[in-house]
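Here the structure is laid out as structure tokens; the discussion comes afterwards.
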Amino acid sequence: MFYITTAIDYTNGSPHIGHAYEKVLADVLARWHRMCGEDTFLLTGVDQHGQKVQQKAEEADISPQEYADTVTKRFIALWERLGISYDGWAATTDARHKACVQKILTNLKEKGCLYKKAYKGFYSVRQEQFLTDKERGEDGNFGPEWGQVIELEEENWYFNLTAHTAWLKEFVTTHPECVTPDFRRQDLLQAIERATNDLCISRPKDRLSWGIPLPFDPDFVTYVWFDALINYISFAGYLSDGNPTLPDFNKLWPAACEVIGKDILVPAHGIYWFCMLHAMGFSDDEMPRLLVHGWLNIKGEKMSKSLGNIVDPNDLCDVFGPEAVRYYLVRDTKTGYDSDYDAERMKMIYNTELANDLGNLCNRSLNMCTRYLGGTVTVAAEPSADELSAALRQSMADTVARFTECMNAYNTSEALAALNAHVGQCNAYIEKTQPFMLAKDETRLPELQSVLSHLLESCVQVGYLIGCVLPDASARILSQLQVDAATLSPQTLAWGILKDGHAVQAPSPVFPRILSEEEKQKMAEKAAKAAAKAARKAAAQEQQ
RNA sequence: CGCGGGAUGGAGCAGUCUGGUAGCUCGUCAGGCUCAUAACCUGAAGGCCGUAGGUUCAAAUCCUACUCCCGCAACCA
């Protein structure tokens with residue numbers, strides 16, 4: 001079972017390119033594991049509770065639920081557009097989730113993990129938290145970043161986090177696979193040393209009403225993180241008493257991969273979440289694995305609302321199409337690290353790798369097969385022994401192995417680079433074998449058939465594998481090749497999918513080039529120049 | 001001395017851990033090809049690997065010092 005989750009997005013603003021990256025990454029991994037025949041479940045959703053949603057709703061003079069629903073719709077619409085194939089939708093206002101959170105709270109209280117305590121101190125209204133001396137500036141006051149700071153005394157409920165930190169340190173140290181990449185795990189280990197306070201898990205209702213009420217103390221609602229993190233198990237069927245609308249928890253858990261951003265590793269997932277699970281009684285073997293991704297920066301700067309450089313994925317989809325956006329996001333980002341977003345680069349990668357390389361390869365191969373061989377693939381009983389063809393078959397096998405290895409290591413960028421490298425091999429193979437010349441000599445028909453079958457076989461395998469990133473384009477490629485993806489699997493992908501006599505369709509471009517008017521102009525000039533040169537050459541030859 | 005990341009041909013990056021011909025993509029230039037989405041293939045130019053020292057037979061890589069850039073309040077993956 002491959003249970004994969006994403007962070008659930010906070011519904012106080014529209015989705016941006018960073019949200020999209022995380023979901024696309026998770027979706028690509030989910031699709032890959034589905035292709036491999038694994039039972040796969042992808043969970044994503046929205047975090048709808050909390051102070052900021054309540055505030056925004058008050059400003060708009062609507063209920064928090066209405067506000068959250070409005071924003072939620074934007075997320076759902078984007079995920080539909082980007083082809084995110086989620087199996088479960090985690091919205092924290094869902095009654096099933098609320099019930100689960102309350103059951104967990106009740107259980108933890110019975111176990112003695114929760115306690116009520118009065119606390120008096122300085123409270124930041126903006127940040128929704130009490131401040132300690134660590135937050136004081138050099139002059140002894142709290143800086144402007146905390147907004148309005150008031151002195152406040154109130155009772156709250158606490159989770160005995162510190163009772164679990166010794167275990168956590170041991171667990172993270174002895175289970176290197178619990179956080180990927182490893183340098184993030186090192187960050188976490190450092191952060192554990194600093195976790196010296198228990199976690200306040202309640203907010204008085206008079207201050208914040210938009211949340212899940214504590215089942216044993218109705219004057220309080222649950223702190224957003226204690227609510228939100230539980231989505232990973234509540235929507236997996238934890239404590240659901242066999243609710244048929246939820247999955248079987250025992251089948252799903254533990255999550256093979258929880259995809260999160262670097263900002264919420266510490267303390268939320270790395271400390272709170274692991275400790276919460278431990279308190280609930282989950283063993284080391286039942287802990288989820290975290291995949292921590294970096295951020296997309298804009299020209300080296302952090303993306304932020306104040307800088308006004310937020311990128312709306314919908315705008316990109318309008319220009320490039322959703323699949324090009326998907327490809328760019330997982331191709332140009334080294335999983336785990338920050339990367340730079342650049343629309344020009346996205347266009348370049350689309351035009352070169354998808355249009356010029358892969359798209360053109362499929363198109364020219366299918367076209368030659370249609371024109372020269374009537375659309376029928378002829379496969380010899382024994383594959384051609386010539387060096388070029390043998391090398392191409394070897395390249396294909398190596399590529400499948402490399403792709404598999406990279407995808408299993410979450411390395412989408414290198415996986416796609418491997419596919420592209422094989423496409424380059426194929427294009428070079430055409431130059432060397434010159435099938436369009438072979439077609440002019442009837443006696444060389446067997447060679448022509450062999451070359452084209454090698455090319456088309458490569459198109460099938462590459463077109464199939466790329467399906468986890470580009471489901472739609474993959475389907476179109478395989479449709480032209482008349483191959484059913486359902487009959488294939490990465491593990492058994494071997495030379496010889498196309499059988500003798502296989503019929504293919506005439507091609508039509510799957511990845512049309514994206515060019516501005518200016519670029520088209522430039523291309524035209526270049527072509528005119530080349531034509532003039534060819535004409536001069538022809539004239540010179542005629543004179544001789 | 002706050003913490004961390006970075007500085008490699010025009011652009012973006014890999015290589016640094018485990019010293020030894022500096023590699024990739026794009027761009028530029030030249031040639032080839034004509035099956036193809038004015039695509040494809042081949043080749044070339046272009047770098048004293050931030051600066052200054054040090055270790056070594058040998059340093060982009062190890063050591064030291066310095067310079068410059070970017071994150072580290074909020075919005076926020």
Side chain to side chain donor-acceptor pair (under 3.5 Å) evaluation trace for A:T335 with A:N411: CA-CA 6 Å; A:T335 308; A:N411 189 350; 5.3 Å; no
Measure from NZ or CZ of A:K334 to the centre of the six-membered ring of A:Y337 and say whether it is under 6.0 Å with the direction within 45° of the ring axis. yes
Letter by letter from the 5' end, nucleotides 12-17 of chain B scores (B base, S sugar-phosphate only, - none; protein heavy atoms under 4.0 Å) S-----
Just the rounded figure in Å: distance from C1' of B:G27 to CD of A:E519. 12 Å
According to a strict under-4.0 Å criterion, is A:R331 in side-chain N/O contact with OP1 or OP2 of B:U25? no
Assign A:A524 to base, sugar-phosphate, or nothing according to its heavy-atom contacts below 4.0 angstrom with the strands shown. base
Could you check whether A:I310 gets within reach of a base, just the sugar-phosphate, or nothing at all, counting any heavy atom under 4.0 Å? nothing
Tell me which of A:K520 and A:I349 sits closer to the 5' end of RNA chain B, going by the nucleotide each one is nearest to. A:I349
Would A:E519 and A:K526 count as a salt bridge (charged side-chain N to carboxylate O under 4.0 Å, His left out) if you check the C-alpha gap in whole Å, the side-chain angles of each, and the deciding distance to 0.1 Å? CA-CA 10 Å; A:E519 285 163 327; A:K526 220 169 152 182; over 6 Å; no
Phosphate-side-chain proximity, A:N367 and B:C35, N/O vs OP1/OP2 below 4.0 Å: no
With both pairing distances under 3.5 angstrom for Watson-Crick or G-U wobble, and | for a partner in another strand, the correct string for RNA chain B is .(((((((.[[[[.)....(..]]]].(((((.......))))).....[[[[[..)....]]]]])))))).....
It should be established whether A:K52 places a side-chain nitrogen or oxygen under 4.0 Å from OP1 or OP2 of nucleotide B:C75. yes
Starting from P on B:A36, measure out to CG on A:L366 and report it in whole angstrom. 13 Å
Under 4.0 Å, heavy atoms only, any strand: does A:M368 hit a base, just the sugar-phosphate, or nothing? base
Please determine whether side chain to side chain donor-acceptor pair (under 3.5 Å) holds for the pair A:N427 and A:E431, giving the CA-CA distance in whole Å, both sets of side-chain angles, and the decisive distance to 0.1 Å. CA-CA 7 Å; A:N427 278 320; A:E431 300 308 315; over 6 Å; no
Answer with base, sugar-phosphate or nothing: what part of the nucleic acid does A:D9 contact at a heavy-atom distance below 4.0 Å? sugar-phosphate
Using whole Å, report how far CG of A:N363 lies from C1' of B:A38. 14 Å
Rounded to whole Å, how long is the line connecting atom CG of A:L456 with atom C1' of B:C35? 12 Å
What verdict does the side chain to side chain donor-acceptor pair (under 3.5 Å) test give for A:T92 and A:H97, after you've listed the backbone C-alpha separation in whole Å, the side-chain angles of each residue and the deciding distance to 0.1 Å? CA-CA 6 Å; A:T92 52; A:H97 171 74; 5.2 Å; no
In whole Å, measure the gap between the C1' atoms of B:G9 and B:C26 for me. 13 Å
In the 5'-to-3' direction, what one-character label does each nucleotide of nucleotides 39-45 of chain B receive under the scheme B = base within less than 4.0 Å of a protein heavy atom, S = sugar-phosphate only, - = no such atom? SBS----
